[in-house]
Structure formats: C-alpha cells, structure tokens
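Heads up, the thing below is written out as structure tokens.
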Amino acid sequence: MLKDKTTEGKFKGDAVIWSVFFFLCIISIIEVFSASSHLSFKSGDYLAPVLYHCMLLAVGVVVMIVTMNIPCRYFKLATPLALIISFFMLVIVFFVGESTNGSQRWIAIFGIQFQPSEIAKGAIVLATAQILSAMQTSDGADKRAFKYIMIVCLLIVPLIMVENLSTAVLICTVVFLMMFIGKVPKVQLGRLLGIVALSVALVVTMVMVFGHDKDELAAEAAGKQVMVQQQAEEEDENVLEKIFHRFDTWKGRIDKFLSDDYVAPRDLDLNGKDAQTSHANIAIASSNLIGKGPGNSVERDFLSQAFSDFIYAIIIEEMGLFGAFVVCMLYVILLFRTATIANRCANTFPALLIMGFAMLLVVQAMFNMAVAVGLVPVTGQPLPLISKGGTSTIINCVYIGVILSVSYSAKKKDDADADTAVRKAAA
C-alpha cells in the first residue's frame, strides 16, 4: 500500500520520492564541488561555489517542505496568478532582461537573478492539468479542452521561444504528453503533430536562410578584412533582426551537429567553437567502466559549463558507466513512482499535475544527458536537481514538494471507494 511508504510529521510524503530527492542532492553536491574548478579559480576560494550551491539546496528544501505541507486542493488557486505573473515577466525580460551567453533570459530584483521561463513552465503545467481535469468526461477530455490549452500555450510559449528555444520545446513536449495522458481526442493530437512538424520545418528553414554562422562570418571577415562597413550594417539592423537574433546561435548549433566531416583527434578544436563538445567527448571516452573517482575529473578544467550544461559528462568521467546508469535510473524511478501515486489518486487534477511536474524534470534530464553524449545539439538545459543553478534549483524543489503533497494529501481511490460503500450501506 502507498501508506506503508509514507513518512510522518513535517517530512511527510512518499518515502521513495524522498529517497530519490536525497540521492540526487548528494550527487549534486559532490559533482558541483568537483566541477566548479573554473569558478573556484575565478573567485580564489575553492569552497565558495559549492557552499553557495549548498545554500541554494537548503533554501530549496525549505521551500519544498513548505510546498508539501500545502493540501493539493489549494494548488488550483495559484493557476491564474502564476499565468499572469509569467506573462508579464516574460514581456519584461524581453526588454530589460540581462544578457547571458547572447540571450536575454534573466531579471535581477534586489541583486537576485532569476529566469521567468522557470516560473512559466510550472504555470503552464498547472493550467493544463486544471483544464484537462475540469473537462473530463466518461469518454475522455472534452474537445474544447484542446482549444483552451492551445490558447494558454500560444500566450506563453512564443515569448519563451524567442530567447530560449530548448525550453519552449521542453514545455511543448510535456504539454503534449499531458494531453495524451488526459485522453484528449487522438484526432486533435494527430493534427497538432502535423502542424508542429510543418512549423518545425518552417522555423529550421528560416534559421538556415536568415541565420548567420558566426564562425563562418569571422573566417570570411578575416580573409576579406571587412571592418567598418559591416559594423555600420550591424548597427542599422532592423527590429525583426533584433527579435530573431538567436537565429545565428541556432544555425551554428545545427551546422555543427549536422556536419559529418571526420576530424582526427589531433585536429580537434579544443579552444574554439567545438571546445565544449570536444572536451565532453574526451571526458566520456576516458572514463572507462568505473570512472576516475569523485573529484578526479580532468576535463572539468576545460569545460566552462562543467557544473551546469555538461555536468553529466563529468559524472561519467568520475563515476564511470555505472554512475551514469545510477543517475539515469534515479530519474526513471522518480517518473514511475510519480505515475504510481497519480494512478492511486481519486481525482484527475492532482494526478495530472504531478505527472506534468515529473515529466518536466525527467524530459529535461533526458535533454541534458543527450547533449552530454552528443546525441542532440547543445540546448543549454541543466540537469535537474544536480546541476548548479539558482532559479531552476528552487523551482525544481517546488515540483518535488507538490508531488510529495499529493502523495499524502490527495484523496485516494481506495478511500473514495470506501466512502461510497459506507454511503450505500447507510442508504
């Protein structure tokens, strides 16, 4: 029974979810400490990065405990406010957001940076779960549910996509999976897949036509020595080019990923455009089966995002294939245990809500792992609950808190059946 694996007191909730969260946090502290050599060198204090990360995890745990002590029926009340806040923050970040790695994704308030897209992800999952649960019939979700979900996504997702395509793709993937679980008519889902395929083809075409590979442009400029004229043209770029300035980054990543030119190991660009991917490949190739041991990574000193985007490569280098498998299985356990909890919920909303949050974490983890091993282009998605982060760490802890809240506070099917039996007997 589910109750047998539920803790009591302030730390109530499903024991399996607690265990997965605990192990992910332990792995996170160890690997962030090991992978933050670049930050330690810059700060002059080798303990500063991991202490800051531990502080964020501690804040996240506090937020998670507060969240898990909120009965799940109150989460519905947060949906309208979360959507409104997300929309206005995404608009604001477009104009006054701080640029990081060529994109405006951050807002700073009182010196604290956070990403509005992290809040928007949770808001969309909340809205999708609420719409699907409110419009369930005996034959599945009402056809109108699809329309309302699309309206919500069209208001939020394009604002995210302009600056962070991978996050937009992540959200759309999770929403589609939630609609599938929520029994949205398959005809509507099929049409959506067709529209998405056409849209992806259109976007990729626009990227390849209007985007500019910065490395190719640099090579041409060096050969032709085009200086002043190009700078003047860049200053006079129109509004459309400013809006879609990320096309250049996307095109560069697509060109790099699709390139099938063989590069000999001695010719690898270890300091240029391919530095991240090259060093990640070296980290994985040198790991063997058991790895080099925690704290013994070599490539962490060459990967600028070793503590974030490429932390899975460092995990493989230090912990070997066994460690990589354990980390992967922790996310799989999280997803399947959440599915078990959702299956035992008497009501649709809490079941869909926790499945949405679990899929957000697991699909994002899949993105990060796939990038680290070279299966997909670089996306910039951190590894949930393991990578060093700010907003993402806190928000991910909120997701776990919601899952724990539902695991003990949501009405169970067994309880609902018992109540029905009692009413029938009384009648």
Side-chain angles (χ1 to χ4, degrees), residues 1-8 11-24 64 67-76 79 121-122 124-142 145-146 149 173-186 189 328-366 384-385 396 398-422:
M1 294 294 291
L2 188 62
K3 292 180 180 179
D4 294 337
K5 293 185 178 181
T6 301
T7 56
E8 302 295 338
F11 294 92
K12 49 198 169 189
D14 188 74
V16 176
I17 300 296
W18 268 109
S19 299
V20 171
F21 176 76
F22 173 77
F23 283 117
L24 287 174
M64 183 184 71
T67 304
M68 65 175 286
N69 281 282
I70 300 174
C72 65
R73 63 180 179 274
Y74 291 114
F75 293 131
K76 287 184 179 181
T79 303
K121 288 193 297 186
I124 290 178
V125 170
L126 273 169
T128 302
Q130 193 159 339
I131 292 170
L132 288 173
S133 64
M135 306 192 74
Q136 284 292 312
T137 67
S138 57
D139 297 324
D142 189 281
F146 178 83
I149 293 172
T173 302
V174 172
V175 169
F176 181 85
L177 293 173
M178 289 182 69
M179 288 194 293
F180 180 80
I181 295 172
K183 298 181 180 179
V184 168
K186 291 182 174 58
L189 294 180
C328 184
M329 285 306 301
L330 285 173
Y331 290 107
V332 173
I333 293 170
L334 173 65
L335 180 62
F336 277 88
R337 186 58 187 171
T338 302
T340 300
I341 297 169
N343 189 50
R344 293 177 179 176
C345 290
N347 299 316
T348 309
F349 173 72
L352 288 171
L353 180 62
I354 62 174
M355 283 304 298
F357 285 151
M359 288 187 294
L360 264 182
L361 295 171
V362 175
V363 174
Q364 182 175 326
M366 291 173 57
L385 298 172
N396 290 337
V398 172
Y399 298 160
I400 297 295
V402 173
I403 295 172
L404 289 170
S405 172
V406 170
S407 71
Y408 84 89
S409 69
K411 193 171 186 179
K412 309 296 186 299
K413 287 181 180 178
D414 293 342
D415 297 337
D417 293 340
D419 292 343
T420 303
V422 169

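Here the closest non-hydrogen pair linking Pro71 and Ser409 is CA-OG, 3.9 Å. Scanning all heavy atoms of the two residues, the minimum distance from Met355 to Ala339 falls at SD-CA, 3.5 Å.
In this structure, OG on Ser407 lies 7.5 Å from CD1 on Ile354, to the nearest 0.5 angstrom. With rounding to the nearest 0.5 Å, the separation of CG in Asn396 from CG in Leu24 is 10.0 Å. Note: Ile403 CD1 to Cys72 SG = 13.0 Å, rounded to the nearest 0.5 Å. We find the CE-CD1 distance between Met178 and Ile131 to be 9.5 Å, quoted to the nearest 0.5 Å. From Ile341, atom CD1 reaches atom CD1 of Ile17 across 4.5 Å, with rounding to the nearest 0.5 Å. Remark: Asp139 CG to Lys183 NZ distance equals 9.5 Å, nearest 0.5 Å.
Side-chain contact between Ser405 and Phe75 is present, with at least one heavy-atom pair separated by less than 4.5 Å. Leu352 is not listed as a side-chain neighbour of Thr128, based on a closest heavy-atom distance of 4.5 Å or more. Looking only at side-chain heavy atoms (C-beta outward), Thr348 and Leu132 stay at 4.5 Å or farther from each other. Within the 4.5 Å cutoff, side-chain heavy atoms of Cys345 are placed close to those of Val406. In this structure the side chain of Asp14 reaches within 4.5 angstrom of the side chain of Arg337, judged on heavy atoms. No side-chain heavy atom of Phe357 sits less than 4.5 Å from a side-chain heavy atom of Val398. For the pair Val175 and Phe180, the minimum side-chain heavy-atom distance is 4.5 Å or more.
When each of Thr173, Thr338, Leu335 is paired with Met359, the side-chain contact (heavy atoms from CB on, under 4.5 Å) condition holds for Leu335 and for no other. Results of the side-chain contact (heavy atoms from CB on, under 4.5 Å) test with Tyr399 over Leu385, Leu353, Val125, Leu360 single out Leu360 as the only residue that passes.
Remark: side-chain polar atoms of Gln136 are paired, donor with acceptor, to backbone N or O of Gly182 under 3.5 angstrom.
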Next on the checklist: side chain to side chain contact (heavy atoms under 4.5 Å, CB included), that's the test. Do Phe349 and Arg73 meet it? Break it down for me.
Outcome noted: CA-CA 9 Å; Phe349 173 72; Arg73 63 180 179 274; over 6 Å; no

Next on the checklist: Before you tell me yes or no, could you show the steps for Ile400 and Leu334 under side chain to side chain contact (heavy atoms under 4.5 Å, CB included), namely the whole-Å CA-CA distance, both residues' side-chain angles and the distance that decides it to 0.1 Å?
Outcome noted: CA-CA 10 Å; Ile400 297 295; Leu334 173 65; 4.1 Å; yes

